[in-house]
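This report concerns only the one structure given below.
Just the heavy atoms: all of them, side chains too, but no hydrogens, waters or symmetry mates, feed the values below.
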Amino acid sequence: MHFQAMGIRGDTEFDDILAHFQSLGGDAILMNPDMVCGEGHLLSAAMHGDRAFAEGTNRSNSLLTEIILYAAWERQIGKAIAKMKPVDDRHEYAAILVDIDDPELDSIGMVRDDSILDATPEKAEMLGLESTMVPFEDQAIEMVALLELQKM
């Protein structure tokens, strides 16, 4: 599996964005960027989800759902999806692309904007992270890893 994390924005509808990525031979997860603290947060969730499937420790039936569980730091699928669900009519997404080399965003009227993934103090507060010497993105990556321990 090949994963790419990015921020995207534009006026294209959610379902049309997903259909576009599937037409490229891969898949994608679109999440609320307010619930993401950095590219590393997303890539760590993807890596842990992929490993859970490889080792047979997955909690869900789908790799994409497993990745959402890790990104949300939740054990329950319903809670994870509710937490990571994009905000209606905002048209900004934190995206994890699966097995897509060139997302061809311009062909669907979307642009890449990785700044929406930045780990900000506002996001950290919403996610319950603390202002310490440890950067917020590193704390988010640690929370992804801690979910692994909670599954045992």
Next item on the list: Given side chain to side chain contact (heavy atoms under 4.5 Å, CB included), test His2 with Val98 step by step and report yes or no.
Entry: CA-CA 6 Å; His2 168 67; Val98 182; over 6 Å; no
Donor-acceptor contact below 3.5 Å, side chain [X] vs main chain [Y]:
{"X": "Asp114", "Y": "Met6", "answer": "no"}
{"X": "Asn58", "Y": "Ser60", "answer": "yes"}
{"X": "Lys83", "Y": "Ala72", "answer": "yes"}
{"X": "Glu66", "Y": "Arg59", "answer": "yes"}
{"X": "Lys85", "Y": "Asn32", "answer": "no"}
{"X": "Gln4", "Y": "Ile96", "answer": "no"}
{"X": "His41", "Y": "Cys37", "answer": "yes"}
{"X": "Glu137", "Y": "Gly40", "answer": "yes"}
{"X": "Arg112", "Y": "Leu105", "answer": "no"}

Margin query: With side chain to side chain contact (heavy atoms under 4.5 Å, CB included) as the criterion, how do Asp27 and Phe21 come out once you've worked through the C-alpha distance, each side chain's angles and the decisive distance to 0.1 Å?
Written below: CA-CA 6 Å; Asp27 221 328; Phe21 290 132; 5.8 Å; no
Would you say that more than 12 heavy atoms from the other residues, nucleotides or ligands in this model lie under 6.0 Å from the [atom1] of [X], or not?
{"X": "Met126", "atom1": "CE", "value": "yes"}
{"X": "Asn61", "atom1": "CG", "value": "no"}
{"X": "Glu142", "atom1": "CD", "value": "no"}
{"X": "Glu125", "atom1": "CD", "value": "no"}
{"X": "Glu130", "atom1": "CD", "value": "no"}

Quick check: is [Y] connected to [X] through a chain of hydrophobic side chains (ILVMFWY, heavy atoms under 4.5 Å apart)?
{"X": "Val36", "Y": "Ile68", "result": "yes"}
{"X": "Phe14", "Y": "Ile116", "result": "no"}
{"X": "Met31", "Y": "Leu117", "result": "yes"}
{"X": "Leu42", "Y": "Met47", "result": "no"}
{"X": "Met35", "Y": "Leu64", "result": "yes"}

Measure the spacing between [atom1] of [X] and [atom2] of [Y] and express it to the nearest 0.5 Å.
{"X": "Leu24", "Y": "Asp99", "atom1": "CG", "atom2": "CG", "answer": "11.5 Å"}
{"X": "His48", "Y": "Asp50", "atom1": "NE2", "atom2": "CG", "answer": "11.0 Å"}
{"X": "Trp73", "Y": "Lys79", "atom1": "CH2", "atom2": "NZ", "answer": "15.0 Å"}
{"X": "Ile100", "Y": "Phe3", "atom1": "CD1", "atom2": "CZ", "answer": "11.5 Å"}
{"X": "Tyr70", "Y": "Leu146", "atom1": "OH", "atom2": "CG", "answer": "11.5 Å"}
{"X": "Thr57", "Y": "Arg51", "atom1": "OG1", "atom2": "CZ", "answer": "8.0 Å"}

Looking at [X] and [Y], what are the two nearest heavy atoms and their distance?
{"X": "Leu129", "Y": "Ala140", "answer": "CD1-N, 4.3 Å"}
{"X": "Ala28", "Y": "Leu97", "answer": "CB-CD2, 3.7 Å"}
{"X": "Ser44", "Y": "Ile141", "answer": "OG-CG2, 3.9 Å"}
{"X": "Ala95", "Y": "Leu30", "answer": "CB-CD2, 3.7 Å"}

Margin query: Any salt bridge linking Arg90 with Asp34? Criterion: basic side-chain nitrogen under 4.0 Å from a carboxylate oxygen.
Written below: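 Counted as a salt bridge, because a side-chain N and a carboxylate O are separated by less than 4.0 Å.
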Margin query: Checking Thr120 against Asp118 for the side chain to side chain donor-acceptor pair (under 3.5 Å) test, could you report, in this order, the C-alpha distance in whole Å, the side-chain angles of both residues, the deciding distance, and whether it holds?
Written below: CA-CA 6 Å; Thr120 64; Asp118 289 349; over 6 Å; no
Margin query: Walk me through whether Gln139 and Thr132 qualify under side chain to side chain contact (heavy atoms under 4.5 Å, CB included).
Written below: CA-CA 10 Å; Gln139 290 181 55; Thr132 66; 3.5 Å; yes
Next item on the list: Go through Leu69 and Ile77 one step at a time and tell me if the side chain to side chain contact (heavy atoms under 4.5 Å, CB included) criterion holds.
Entry: CA-CA 6 Å; Leu69 285 170; Ile77 293 170; 3.9 Å; yes
Check: So among Asp15, Thr12, Ile108, which one has a side-chain contact (heavy atoms from CB on, under 4.5 Å) with His20?
Finding: Ile108
Check: Going by heavy atoms in the side chains, are Asp113 and Ile8 under 4.5 Å from each other?
Finding: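 No, their side chains stay 4.5 Å or more apart.
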Next item on the list: Check whether any side-chain heavy atom of Ile29 sits under 4.5 Å from a side-chain heavy atom of Met84, and report yes or no.
Entry: no
